[in-house]
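The structure appears right after this line, and notes come after that.
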Protein chains: 2
Amino acid sequence: MKLFWRQGFEATSTEDLVEGLGITRGSLYKAFGSKEQLYAMALRRYCQHHAAALIEMLDRAEQVRPAIRAALLELVETDLADPVPGCLLVNAATERSAHPDTVQQVSRTMGQIESALAGALERARVRGDIAADKEPRELAQFLTTFLQGLRVMGKARADRAFLENSVEVALGALD
Amino acid sequence: MKLFWRQGFEATSTEDLVEGLGITRGSLYKAFGSKEQLYAMALRRYCQHHAAALIEMLDRAEQVRPAIRAALLELVETDLADPVPGCLLVNAATERSAHPDTVQQVSRTMGQIESALAGALERARVRGDIAADKEPRELAQFLTTFLQGLRVMGKARADRAFLENSVEVALGALD
DNA sequence: CCAGTTATTGACTGATCGGTTCCAAATTCG
DNA sequence: CGAATTTGGAACCGATCAGTCAATAACTGG
């Protein structure tokens, strides 16, 4: 998974995968069928680990706004520590936009993130932590979009002040 | 340029380029040196045409907020009409984050967009069209980040309601 | 019209691509 | 213990990769 994450689908050869997984060529094709299928599995694993962790954090959060801020700033730190890999979902969406299976998987996960955000924001609204006149679903869609931009800028311009400021302005949209 | 734009660097073969440009293999290498150099030139051309057009639009705009809204909604329309190509800057940033030359070119262009936004927002603030207590530079960095997210979602989830709503919420952050 | 220069060509190269095959070693089961 | 089956692996496949080059074509000034 980490190879596809860091290098993308096309730039990762089967030789890289054989070396990285510590198995031989034949076993790889026995186990996964093809490079495409292995990529699909890696993407699914990424969604189950990383996206699911974000969603669970949002579901559990008592104070929603600090939780969202913490989640976004943690991603900023990740990109600052190593800007190359970025987010596999973003990489998949951009590199493989012509492959419907990949796009659908990415879209589904984005939808789950949006729903988790919408749920958390609804709870926050009930508690009076965010503006009462904003639709949680609309705010959630905005934040989902902003999140992807943050990951792109984390690769293109890994600058702490820039990224952290963007997060603060985005959170300001919740008022 | 359109081939790299639509397919990315790795997925575009020199054969594709030969066919697309209508020249032969030898001429391509005589004229551009290598696939890498041709990609760099295509990226530069993209910046000069597309990013420069956005920047000029912002520089000329009388009413800044409607101009930004129009620019963002036009990009939404572009992605809805054909979600595959997306934005070459975003594609380059994600696919080629390990190639410093590409990252630097993308970063420079993002900086120009940020500056154009900051200039326009400063004019808007003087005119009282946006909140007086917000720093134009900070808003510009936020909008630059949001813009990249919009292009990613345009590929991953080409849904008009989702994208247009995201734009409206983002513009709300200017108040 | 021609000698000299530049541009263009497409066949060719070694390397590497994703994927297969077949054999040997290990494991299972009667 | 031994026949049958599964597992693991290196050699190999045609195709395609990015890049080169000697030969030819086109153009130049004289």
Side-chain angles (χ1 to χ4, degrees), chain A residues 1-47 84-86 88-106 155, chain B residues 1-47 84-86 88-106 155:
Chain A
M1 179 176 77
K2 288 184 179 173
L3 284 167
F4 281 137
W5 188 358
R6 176 170 283 267
Q7 309 180 22
F9 177 81
E10 294 286 349
T12 302
S13 69
T14 52
E15 189 54 40
D16 293 337
L17 294 169
V18 162
E19 197 177 336
L21 293 172
I23 58 176
T24 56
R25 247 178 153 57
S27 308
L28 190 152
Y29 279 89
K30 191 84 166 181
F32 302 107
S34 72
K35 190 186 172 187
E36 294 260 356
Q37 287 174 269
L38 177 51
Y39 182 84
M41 180 167 294
L43 183 57
R44 247 177 286 132
R45 274 178 65 107
Y46 181 91
C47 294
V84 171
L88 179 55
L89 278 165
V90 172
N91 300 350
T94 54
E95 184 185 2
R96 293 177 62 77
S97 59
H99 298 73
D101 290 357
T102 302
V103 172
Q104 195 183 337
Q105 171 74 48
V106 172
K155 282 186 148 191
Chain B
M1 178 176 79
K2 290 184 177 171
L3 284 167
F4 280 136
W5 188 358
R6 175 170 284 267
Q7 307 180 23
F9 178 81
E10 293 286 350
T12 303
S13 70
T14 52
E15 188 55 40
D16 293 337
L17 295 168
V18 162
E19 196 177 337
L21 294 172
I23 59 177
T24 56
R25 224 168 175 66
S27 308
L28 188 152
Y29 278 89
K30 189 82 165 184
F32 302 108
S34 72
K35 189 186 172 187
E36 295 259 356
Q37 287 174 268
L38 177 53
Y39 182 83
M41 178 166 295
L43 182 58
R44 248 178 285 133
R45 274 179 63 108
Y46 181 91
C47 294
V84 172
L88 179 55
L89 279 165
V90 172
N91 299 349
T94 53
E95 184 186 2
R96 292 178 62 75
S97 58
H99 297 75
D101 290 358
T102 302
V103 172
Q104 195 183 336
Q105 171 74 47
V106 172
K155 283 186 145 189

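Chain naming here is simple, since letters A, B, ... match the order of the sequence lines and numbering starts at 1 in each.
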Shortest non-hydrogen contact from [X] toward [Y]:
X      : Y     : value
A:A42  : A:M1  : O-SD, 3.5 Å
B:V103 : B:S97 : CG2-O, 3.5 Å
B:T12  : B:L3  : OG1-O, 3.5 Å

First encountered from the 5' end of DNA chain C, between B:T24 and A:R25: B:T24

Using side chain to side chain donor-acceptor pair (under 3.5 Å) as the criterion, list what pairs up with A:D16, not counting sequence neighbours.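 Checked A:D16 against side chain to side chain donor-acceptor pair (under 3.5 Å); matches are A:S13.
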
Could you list the residues that satisfy side chain to side chain donor-acceptor pair (under 3.5 Å) with A:R25, not counting sequence neighbours? A:T14, A:E15

Please report the C-alpha distance between B:K155 and B:V90 in whole Å, then the side-chain angles of each, then the deciding distance to 0.1 Å, and finally whether the side chain to side chain contact (heavy atoms under 4.5 Å, CB included) criterion is met. CA-CA 11 Å; B:K155 283 186 145 189; B:V90 172; over 6 Å; no

Check whether any side-chain N or O of B:K2 sits under 3.5 Å from a backbone N or O of B:P85 as a donor-acceptor pair, and report yes or no. no

Identify the 5'-most and 3'-most nucleotides of DNA chain C with at least one atom closer than 4.0 Å to a non-hydrogen atom of chain A. C:dC17 to C:dT20

Name all residues meeting the ring-ring contact (aromatic ring centres under 6.0 Å, His included) criterion together with B:Y46; count only those two or more places apart in sequence or in a different chain, and write none if there are none.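 Expected list: B:W5, B:H50.
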
Would you call the rings of A:Y39 and A:F4 parallel, tilted or perpendicular if under 30° counts as parallel and over 60° as perpendicular?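 The rings of A:Y39 and A:F4 stand perpendicular, inter-plane angle above 60°.
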
So which of residues 94-102 of chain A are in contact with DNA chain D, with a heavy-atom cut-off of under 4.0 Å?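 Residues of residues 94-102 of chain A that come under 4.0 Å of DNA chain D do not exist, since none gets that close.
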
So, applying side-chain contact (heavy atoms from CB on, under 4.5 Å) with A:I23, which one of A:V18, A:L17, A:L28 is it?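 The passing option is A:L28.
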
Any base atoms under 4.0 Å from A:S13, or only sugar-phosphate, or nothing? Heavy atoms, all strands.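 Sugar-phosphate: the residue A:S13, judged by heavy atoms under 4.0 Å, touches backbone atoms but no base.
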
Nucleotides bounding contact with chain B, strand DNA chain D, heavy-atom threshold 4.0 Å: D:dC17 to D:dC21

